[in-house]
Colleague: 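Sharing a structure here in structure tokens format.
What you see is a predicted model; the values in this text were computed from it and never measured.
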Amino acid sequence: MTINEQPSDPAAPARPVALITGVGRSIGIGAGIARQLAASGWDIAFTYWTPYDRRMEWGAEDGAAASIARELEEAGARTAAIEADLTGPDAPIRIFDEAEQRLGPVTALVLSHAESVDSGLLDTTVEAFDRHFAVNTRASWLLIREYGLRFRGQPGSKPGEPGTGVGAGAGAGAGRIVALTSDHTVGNLPYGASKGALDRITLAAAHELAHLGVTANVVNPGPVDTGWMNDELRDAIAQGTPLGRLGTPQDTAHLVDFLCSPQGQWVNGQLLKSNGGAAS
């Protein structure tokens, strides 16, 4: 048994399982979402990939996965931290296998991972372009597909409850897909283009997985400083936002929490901007 794998209590009420990708840094959006869902009664499987952080300017955070897992456990969640390189097409199957083996079937899939290296139309390399699409687009499609192939909840059920068997005509059930996107394209071509493709895949899932009782939405969290902004950029963005501040991981987490709740089931097939009114 690993540090982030706990024995279950058969007397305890069942908690639904959320699989969240891109939870490699304690100040990241993925970690904020994981904390919020854990507090709302979800068990959490999450993925991370340390080599990505190592090659970015902010660097890797030593022990982040174990630290985040401990926080979630303190909130009452069982956890499964899964290190996974999403450039590999077989990664989604392995991720779901491990999440299900350790925590049980996945009810909510939250895609917050990203490959993001700035480059524009003229200086993006083929290698960088392909890597962005492999991680941001292909892996997201394969994760959504794997979720759809394995999802066994029934329409009309709530997270943590068995299906009611009321049939697909009753409307959305417990299943949830939420993907994080971005509208940043200028000077960030492969990231923006691959995220745009992710949007289309996720919105298609709202229709193609409707018979399973699954909703699918895309969230654009706007400018959230998770350590990648310098002071000049931070000030400029804050001044251009009506609320006069940057977004926080918790801002995004509150919206994802609502979308994953029974109360959020009527919101489906939408691209939601949660950006404080920031101009694009």
Colleague: Look at the side chain of R176 and the backbone N and O of N217, then say whether any donor-acceptor pair between them is shorter than 3.5 Å.
Modeller: no

Colleague: Can R94 and D85 be counted as an ion pair, charged N to O under 4.0 angstrom?
Modeller: no

Colleague: Measuring only between side-chain heavy atoms, which start at C-beta, is V267 closer than 4.5 Å to T215?
Modeller: no

Colleague: Holding to side chain to side chain donor-acceptor pair (under 3.5 Å), I want the full list of residues that pass it with E208, two or more places apart in sequence or in another chain.
Modeller: none

Colleague: Say whether, by atom type as modelled, one donor and one acceptor occur between the side chain of D43 and the main chain of R78 under 3.5 angstrom.
Modeller: yes

Colleague: Using the rule that two of Ile, Leu, Val, Met, Phe, Trp, Tyr join whenever any of their side-chain heavy atoms come within less than 4.5 Å, decide whether L189 and L198 are in one cluster.
Modeller: no

Colleague: Using a cut-off of 6.0 Å, state whether more than 12 heavy atoms not belonging to D123 lie near its atom CG.
Modeller: yes

Colleague: Return the minimal non-hydrogen interatomic distance between F96 and L109, and the atom names on each side.
Modeller: CZ-CD1, 4.4 Å

Colleague: Taking R138 for the side chain and T87 for the main chain, is one N or O donor matched with an acceptor at less than 3.5 Å?
Modeller: yes

Colleague: Return the OG to CG distance between S67 and D62, rounded to the nearest 0.5 Å.
Modeller: 11.5 Å

Colleague: Looking at CD of Q36 and SG of C260, how far apart are the two atoms once the value is rounded to the nearest 0.5 Å?
Modeller: 10.5 Å

Colleague: For D251 and T248, indicate whether the former's side chain and the latter's backbone hold a donor-acceptor pair under 3.5 Å.
Modeller: yes

Colleague: With a 3.5 Å distance limit and no angle check, can you tell me whether H113 reaches the backbone of V135 through a side-chain donor-acceptor pair?
Modeller: yes

Colleague: Taking the side chain as every heavy atom from C-beta outward, state whether P249 and I27 have any pair of such atoms under 4.5 Å apart.
Modeller: no

Colleague: Check whether any side-chain heavy atom of R145 sits under 4.5 Å from a side-chain heavy atom of L142, and report yes or no.
Modeller: yes

Colleague: Between T50 and E83, is there a side-chain heavy-atom distance shorter than 4.5 Å?
Modeller: yes

Colleague: Closer than 3.5 angstrom, by distance alone: can the side chain of S261 be matched with the main-chain N or O of F258 as a donor-acceptor pair?
Modeller: yes

Colleague: State plainly whether the residues E100 and R152 are in salt-bridge range, i.e. N to O under 4.0 Å.
Modeller: no

Colleague: Could you tell me whether a side-chain N or O of N136 sits under 3.5 Å from a main-chain N or O of F133, the two making a donor and an acceptor?
Modeller: no

Colleague: Starting from the C-alpha separation in whole Å, work towards a yes-or-no answer on salt bridge (Lys or Arg N to Asp or Glu O under 4.0 Å) for R55 and E115.
Modeller: CA-CA 11 Å; R55 62 183 171 84; E115 168 77 18; 2.6 Å; yes

Colleague: To the nearest 0.5 Å, what is the distance between CG on L149 and CD1 on I144?
Modeller: 12.0 Å

Colleague: Could you report the tightest heavy-atom contact between W49 and A84, atom names first, then the distance?
Modeller: CB-O, 3.4 Å

Colleague: Let me see the working for Q265 and V214 under side chain to side chain contact (heavy atoms under 4.5 Å, CB included), right down to the final yes or no.
Modeller: CA-CA 9 Å; Q265 70 172 338; V214 172; over 6 Å; no

Colleague: Quick check on side chain to side chain contact (heavy atoms under 4.5 Å, CB included): which of T202, V218, T21, I33 does L180 satisfy it with?
Modeller: I33

Colleague: Is there side-chain contact between H132 and V117, with heavy atoms separated by less than 4.5 Å?
Modeller: yes

Colleague: Could you walk me through whether D183 and K273 pass side chain to side chain contact (heavy atoms under 4.5 Å, CB included), step by step?
Modeller: CA-CA 10 Å; D183 54 11; K273 290 190 174 183; 3.9 Å; yes

Colleague: Measure across I29 and T252 and return the closest heavy-atom pair with its distance rounded to 0.1 Å.
Modeller: CG2-CG2, 3.9 Å

Colleague: Looking at I20, L19, V23, which one forms a side chain to side chain contact (heavy atoms under 4.5 Å, CB included) with I44?
Modeller: I20

Colleague: Going only through I, L, V, M, F, W and Y residues with side-chain contacts under 4.5 Å, is there a path from I93 to I177?
Modeller: no

Colleague: Closest approach of A39 and A75, non-hydrogen atoms and distance?
Modeller: N-CB, 4.4 Å

Colleague: Please determine whether salt bridge (Lys or Arg N to Asp or Glu O under 4.0 Å) holds for the pair R70 and E74, giving the CA-CA distance in whole Å, both sets of side-chain angles, and the decisive distance to 0.1 Å.
Modeller: CA-CA 6 Å; R70 283 194 295 270; E74 290 171 0; over 6 Å; no

Colleague: Atom CZ in F46, atom CD1 in I95: separation rounded to 0.5 Å?
Modeller: 12.5 Å

Colleague: Side chains of N188 and S119: closer than 4.5 Å at any heavy-atom pair?
Modeller: no

Colleague: Among the clusters formed by ILVMFWY side chains lying less than 4.5 Å apart, do L37 and L272 turn up in the same one?
Modeller: yes

Colleague: Spell out, as yes or no, whether a donor-acceptor pair under 3.5 Å connects the side chain of Q270 to the backbone of N268.
Modeller: yes

Colleague: Is there a path of hydrophobic side-chain contacts, each under 4.5 Å between heavy atoms of I, L, V, M, F, W or Y residues, that connects Y52 with Y191?
Modeller: no

Colleague: Over all heavy atoms of both residues, which pair between T107 and F151 is shortest? Give the atoms and the distance, please.
Modeller: O-CE1, 4.0 Å

Colleague: Between S26 and E61, is there a side-chain donor-acceptor contact under 3.5 Å, judged purely by atom types and distance?
Modeller: yes

Colleague: What is the minimum heavy-atom distance between V106 and A99, and which atoms define it?
Modeller: CG2-CB, 4.3 Å

Colleague: Using distance alone, with no hydrogens and no angle criterion, decide if S40 and D257 have a side-chain donor and acceptor under 3.5 Å apart.
Modeller: yes

Colleague: Could you tell me the separation between the CG atom of L143 and the CG atom of L86, rounded to the nearest 0.5 Å?
Modeller: 6.0 Å

Colleague: With side chain to side chain contact (heavy atoms under 4.5 Å, CB included) as the criterion, how do E98 and L103 come out once you've worked through the C-alpha distance, each side chain's angles and the decisive distance to 0.1 Å?
Modeller: CA-CA 8 Å; E98 188 166 349; L103 300 180; over 6 Å; no

